[in-house]
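Heads up: the structure comes next, in structure tokens.
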Amino acid sequence: MKIPQDRLNRYVGMRRDFAEEEYINLQPIQRGGILTEEARRAILEFGDGYSTCDWCPPKTARLDMITDPPIQQFYQDLAEFLGMDVARVVTRCREAKFIAFRMLGGAGDYVVLDSTAHYSSYIAAELAELRVKEVPNSGPPEYRVDLEAYAAKIDEVKKETGKLPAALLLTHIDYLYGNLNDAKVVAKIAKECKVPYILNCAYSAGIMPINGKELGADVLTSSGHKSWAASAPTGILAFNKSLEEKFTARSKMEGDLTKRKFGAKELAMLGCTVMGAPLITLMASFPEVVKRVERWGEEVEKVRYLVAELERIEGIKQMGMRPKMHTLTHMETESFYKVSETHKRKGYFLYDELRSRKIVGIQPGLTKHFKLNTYGLTWDQIRYVRDAFFEIAKKYGLKIS
């Protein structure tokens, strides 16, 4: 079927709604994924489809064996940087979780996870034909996960099934409130109960120092496009030596007619994973990522400052654990919601006001509560955001203490 030219024209000259260099972007899922200049240049070189595969070794035909560009070395450096033994780059963090679930469990097995886990953790478990047991949290205002309750959930699974869970999963930083969970508490339980432990570092690895072995993780998953200044889709799967044989098992399939075999291919990786621009941007940004995690302390200082300033506006308070330990923040903004009830733009008034001040990333239509992320903003930008919220509050008659 021929597609009319006027429809094809929609795909020519597409541009983003705003330019990063002109706006302050507070989008929670985007701050850690803003590309470095080196990564932007790398896209021009490696944007074509199989651009990384020019020097793929013919005998193995595996991505992790390519030395030009230095993918093989990068995988080794990536594992070392994360304090793990082996690393692979996959398409998304959720794929990394699925691979871990699939290789650790079987149909009907359980995974125990925190009740603030991202929806993709559930979907990954479901696709791997696992069931879930949720560890409770305290509810508002902190939504603190009861980490010690992992032990009780393991006992529940044992009583119900007669065996241990396939794995425990803890979300290191949850996507709802930006709470930092103490990974070592769950690691101790996992070790005592002899259950594999997966630490989901989608919002932590790549922006703050992470050492998987020190945190007690058997498997570590992360998101390149959320936290490693890489383009999507990029995910990271890292694991300890004890799981290498299981996670990198080779294909045993044989064609019934041709007798073709693919014994060099890693089964869980479907042979090869991310080839091209997403992987290369991850590699190109890696030197800066290694440096920037050492500045994490200042990033926490900045978000604490902004939260304290915003809470000076009547009816605004931070949700989640205190003090803030991560830049992803959930704000409850009842006073802005009251303004929206009589405003002609309703819930969109706040987005409009911020947009007019060159600030984007707060979800359009939300005024009762919203999330933001300050990661990577300068102090001047932090103060500019504060002043913008103060201006909006004053415009609509809200008190500032």
Problem set entry | Under 3.5 Å side-chain donor-acceptor pair for K97 and S121 | yes
For this session: Please confirm whether the backbone N or O of V145 pairs with a side-chain atom of N137, one donor and one acceptor, at under 3.5 Å?
Result: no
Exercise. Regarding R386 and Y305, is there a side-chain donor-to-acceptor distance under 3.5 Å anywhere?
Worked result: yes
Exercise. Can you check salt bridge (charged side-chain N to carboxylate O under 4.0 Å, His left out) on E309 and R312, steps first, answer last?
Worked result: CA-CA 5 Å; E309 291 292 283; R312 292 171 56 193; 3.1 Å; yes
Exercise. Is any side-chain heavy atom of L169 less than 4.5 Å from a side-chain heavy atom of D114?
Worked result: yes
Problem set entry | Neighbour count above 12 (heavy atom, 6.0 Å) for R15 CZ | no
For this session: State whether the number of non-hydrogen atoms from other residues, nucleotides or ligands found under 6.0 Å of Y337 atom OH is greater than 12.
Result: no
For this session: Side-chain contact test, heavy atoms from C-beta onward, threshold under 4.5 Å: evaluate it for H172 versus I210 and give yes or no.
Result: yes
Exercise. Do NZ/NE/NH1/NH2 and the carboxylate oxygens of K394 and E391 come within less than 4.0 Å?
Worked result: no
Problem set entry | Within 6.0 angstrom of E80 CD, more than 12 heavy atoms from elsewhere | no
Seminar exercise, completed: Smallest heavy-atom separation, D218 atom then L243 atom, equals O-CD1, 3.9 Å
Exercise. Can you check salt bridge (charged side-chain N to carboxylate O under 4.0 Å, His left out) on E311 and R322, steps first, answer last?
Worked result: CA-CA 13 Å; E311 287 188 326; R322 293 172 178 267; 2.4 Å; yes
Exercise. Are the aromatic rings of F370 and F336 close, with centres under 6.0 Å apart?
Worked result: no
Exercise. Quick check: are there more than 12 heavy atoms from other residues, nucleotides or ligands sitting under 6.0 Å from CH2 of W379?
Worked result: yes
Problem set entry | Donor + acceptor pair across side chains of E95, T91 (<3.5 Å) | yes
Exercise. Hey, does E288 have a side-chain heavy atom less than 4.5 Å from the side chain of E38?
Worked result: no
For this session: Classify the angle between the aromatic ring planes of F239 and F247 as parallel (below 30°), tilted (30 to 60°) or perpendicular (above 60°).
Result: tilted
Problem set entry | Lys/Arg N to Asp/Glu carboxylate O, K163 vs D109, below 4.0 Å | yes
Exercise. Is there side-chain contact between Y150 and C193, with at least one heavy-atom pair below 4.5 Å?
Worked result: no
Problem set entry | Lys/Arg-Asp/Glu bridge criterion (N-O < 4.0 Å) met for K338, E341 | no
Problem set entry | Polar contact flag, side-chain donor to acceptor under 3.5 angstrom, S222-W228 | yes
Exercise. So, for Y396 and H343, is the gap between ring centers shorter than 6.0 Å?
Worked result: yes
Problem set entry | Atom NZ of K317 with >12 non-hydrogen neighbours under 6.0 angstrom | no
Exercise. Under a 4.5 Å cut-off applied to non-hydrogen side-chain atoms, are L377 and R31 in contact?
Worked result: yes
Exercise. Side chains of L26 and I24: closer than 4.5 Å at any heavy-atom pair?
Worked result: yes
Exercise. Are the side chain of D174 and the backbone N or O of N179 linked by a donor-acceptor pair below 3.5 Å?
Worked result: yes
For this session: Measure the shortest side-chain to side-chain distance between V157 and R131 over non-hydrogen atoms and say whether it is less than 4.5 angstrom.
Result: no
Problem set entry | Greater than 12 external heavy atoms within 6.0 Å of R102's CZ | no
Exercise. In this structure, are over 12 heavy atoms from other groups packed under 6.0 Å from E334 atom CD?
Worked result: yes
Problem set entry | K188, NZ atom: more than 12 neighbouring heavy atoms under 6.0 Å | no
For this session: Would you kindly say whether R355 and Y348 are connected by a side-chain donor-acceptor distance under 3.5 Å?
Result: no
Problem set entry | Test item: H326 and M208 side chains (from C-beta on) under 4.5 Å apart, heavy atoms | yes
